[in-house]
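The structure appears below as structure tokens.
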Number of protein chains: 4
Amino acid sequence: MEQRLKDNRERILKAARKLVAQGGFRAASVSAVSKAAGLSTGAIYRYFPSKSALMVEILTHAVSHEVDVLREITARADSSTDKLAAAVRSFGTRALEGRNLAYAFIAEPTDPEVEAARIVGREDFGDVFKDLLHEGIDRGEFPAQSVDVTAACIVGAFTEALVRPVAPTTLPEAAEPDLVEKIVVFCVAAVRRA
Amino acid sequence: MEQRLKDNRERILKAARKLVAQGGFRAASVSAVSKAAGLSTGAIYRYFPSKSALMVEILTHAVSHEVDVLREITARADSSTDKLAAAVRSFGTRALEGRNLAYAFIAEPTDPEVEAARIVGREDFGDVFKDLLHEGIDRGEFPAQSVDVTAACIVGAFTEALVRPVAPTTLPEAAEPDLVEKIVVFCVAAVRRA
Amino acid sequence: MEQRLKDNRERILKAARKLVAQGGFRAASVSAVSKAAGLSTGAIYRYFPSKSALMVEILTHAVSHEVDVLREITARADSSTDKLAAAVRSFGTRALEGRNLAYAFIAEPTDPEVEAARIVGREDFGDVFKDLLHEGIDRGEFPAQSVDVTAACIVGAFTEALVRPVAPTTLPEAAEPDLVEKIVVFCVAAVRRA
Amino acid sequence: MEQRLKDNRERILKAARKLVAQGGFRAASVSAVSKAAGLSTGAIYRYFPSKSALMVEILTHAVSHEVDVLREITARADSSTDKLAAAVRSFGTRALEGRNLAYAFIAEPTDPEVEAARIVGREDFGDVFKDLLHEGIDRGEFPAQSVDVTAACIVGAFTEALVRPVAPTTLPEAAEPDLVEKIVVFCVAAVRRA
DNA sequence: CATGAATGAGAATTCATTCAT
DNA sequence: TATGAATGAATTCTCATTCAT
């Protein structure tokens, strides 16, 4: 039954994740989540104190996991340019595989608490790129530039180019070949300015 | 009477635009729109078959107006680089002034039909940049590149860097100085790759 | 339609009053009230911002009206003893006729705001008797005694003897003859202690 | 095992009593009771067919115990006046100490069956006073009066003056000095009418 | 044409009760 | 027997939409 408990919690999270990814936060009503998880509405509240808490957990976990992946990947590369490329490439590949925080960038939450969590998440995510940019500028690999603006532009660029077309609402056939590499080139050129 | 009808229709659109711009689609309930327009809720339904239709029209008009502005502005410049810079600069400036389609890029609609309209709108908007890129590549000003991907990256970059900080949830005072120009530089560098 | 509005508001209040009187606050669900008033649940919210507000209004109005009646009646009598007798008699008679604040004394609210309103109401109601007792003691009609305790005892005495048997949950046949006068005698004797 | 069963049953009753006394019937959810008793919710249903049955038993036992105490105490006194005083004093003292059926008189049950049990309980409780009054009248200690009405008034008087200020919602510190004795005087004066 | 009161489906949440383990 | 996860009906409240006036 220990197992059962964990299973259900995961099932709820999985169901909610899927619904949010497919139809935004508004598609993830408690009733819909419970149905998708094969449970009753009341069961949701055994595992989460409120709908908001469930959504916040989805968001927070998705972001923190993605941040961990990016940090690990950038740590491996030597030059800042390689780090930047690796980061964009990693996020892009994972986005195409549908296992990242895509919806955290696009879906607008209905709830102030969730919105707050998303803002924090976006900042945490942006910080990865800011750190990377700072380092590159210090090393002389990148020209001086506003780290905040550049980080926002990078995140926006690959969000728009990757997440939007990849979102389940749009048709997934149109995946342009080498899409990820093209975005990598765009971002690197923008940052290096050479 | 004819005039009266048109006036009311415009009043409704104006009120709805304002509400969406200020508080996202969530803030634009039929009741709130009617109140802001100085009309009854029932009156809304004389001019629009549904709330969705009203929101779709807001979105569509906003996008087409913005596209018109961009087309006009890019037509004036000579080089493709100048066109690109002018387009980004124009949208950016207008976004900071709060009188453009900013919200169309961020606020998640409450309705699938509105969401569909937003996707179409983003594509129309992206087309301006695609045309511009095609021209620049043909002229030899820009290196060969995937026009679709670059256009998406550009739109994403300045959406993220401009619209997001401009969104109702964040404080509008904190605007970084020369924000627009920094975004222009980012985009131009990315496209020219030099 | 002005009329219609007022009618419905009154209808809701009347329906709610009846339900509370018959089955306590728990019997007055929004759904039950709306059904009893011949309206939809949503209609309730046109007239009252929340269920609590409706219940508070019922309570407040009942108490303040009852207090007004008592104040008027006690003002007419000369001696404090007559005032006391008149007050008890008035409340008792009105309770037997079913048009007083009976439920304010017995039904426990489910809601903190309503509970707060009831406490205030009971205090206002008790104040009528405290004033009357103070006057009687000053005049030498009543012996010195704790006004607070005596007032509570009086209110409790006739609540228990009148409201409880009169409550719609019990059978209304058992009305003892001269019930009200017997309670009057009890209270007067207790206060005069002679 | 026999013992174990009985223990659990008592534990449940004790836990439920405490919760009701502290926070009214609303605070005594099955889950809260089971938690307080150190058992599972399911276990409750092994010992009681329903939540109502548990609450009814609490009420019934509390009343019958209180009635026993009162009968014993009144049996000890000689004069009916002393009996009356002793009864009021006993209940009052115990109420202030918080270990009696106080809540049975004030907290509105969530359930019609419990409400019915409470009415019966109040009647049983009132019978103690009725017997006492009959005796006093027969002995010539009390003037002729309606025993039913007087008993109800007495119970109401000290319920209102004692239990209400003792109720969980009010602060228990504010107990008026000699409160119990003042109520005793009130009741005795009312009954003796001299 | 315009009004806005009324509707009613749907949302989040609670809790007595059941039942597989 | 005991457990406690799961159920599902009930509750309060919202809001797009309709329709009598």
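All chains are named by letter (A, B, ...) in the order of the sequence lines, taking the proteins before the strands, and each is independently numbered beginning at 1.
Within the 4.5 Å cutoff, side-chain heavy atoms of A:Tyr45 are placed close to those of A:Val30. Contact check for A:Arg118 versus A:Val114: no side-chain heavy atoms found under the 4.5 Å cut-off. When side chains are defined from C-beta on, D:Glu115 does not count as touching D:Asp111, because their heavy atoms never get closer than 4.5 Å. Side-chain contact between B:Phe48 and B:Leu13 is present, with at least one heavy-atom pair separated by less than 4.5 Å.
A stem is defined here as three or more consecutive Watson-Crick or G-U pairs, each with both distances under 3.5 Å; for DNA chain E these stems are E:2-21 with F:2-21.
Contact of B:Thr41 with E:dA5 (side chain to base): a donor-acceptor pair of N or O atoms is detected under 3.5 Å.
At least one side-chain nitrogen or oxygen of A:Arg46 sits closer than 4.0 Å to the OP1 or OP2 atom of F:dA5. Phosphate proximity of E:dT7 to C:Ser40: present, with a side-chain N or O under 4.0 Å from OP1 or OP2.
Rounded to an integer number of Å, the gap from C:Arg9 CZ to E:dA5 C1' is 15 Å. A straight line from OH of A:Tyr45 to P of F:dA10 spans 18 Å, rounded to a whole angstrom. For the pair D:Met55 CE and E:dC15 C1', the computed distance is 13 Å after rounding to whole Å. Atom P of nucleotide F:dT11 and atom CZ of C:Phe25 are separated by 16 Å, given to the nearest angstrom. Rounded to whole Å, the distance from CZ on C:Phe48 to C1' on F:dT14 is 18 Å. The distance from atom NZ of A:Lys35 to atom P of F:dT7 is 13 Å, rounded to the nearest whole Å. When rounded to the nearest whole Å, the span between CG of B:Leu54 and C1' of F:dC15 equals 15 Å. Spacing between atom OH of C:Tyr47 and atom P of F:dT12 amounts to 19 Å, rounded to whole angstrom units.
Among the protein residues, D:Ile44 comes within range of no part of the nucleic acid, since none of its heavy atoms lies under 4.0 Å from any strand. Residue-level contact check: C:Val30 touches the backbone only, with heavy atoms under 4.0 Å from sugar-phosphate atoms and none from bases.
Nearest-nucleotide positions on DNA chain E for D:Ser31 and B:Leu39 put B:Leu39 closer to the 5' end. Across the interface with DNA chain E, nearest-nucleotide mapping of D:Ser52 and C:Gly42 shows C:Gly42 to be the residue nearer the 5′ end. Mapping C:Ser50 and A:Gly38 onto DNA chain F via the closest heavy atom, the residue that lands nearer the 5' end is A:Gly38.
Taking only side-chain atoms of B:Ser29, from C-beta outward, the nucleotide of F:dA16, E:dA12, E:dG8 with the closest atom is F:dA16.
Contacts classified as side chain to side chain donor-acceptor pair (under 3.5 Å) and involving residues 53-63 of chain A (residues at least two apart or in different chains) are given here: A:Arg9-A:Glu57.
At a threshold of 4.0 Å, the pair A:Arg17-A:Glu10 counts as salt-bridged, since one of the basic side-chain nitrogens sits closer than that to a carboxylate oxygen.
Atom CD1 of residue D:Ile44 and atom OG of residue D:Ser50 lie 11.5 Å apart, to the nearest 0.5 angstrom.
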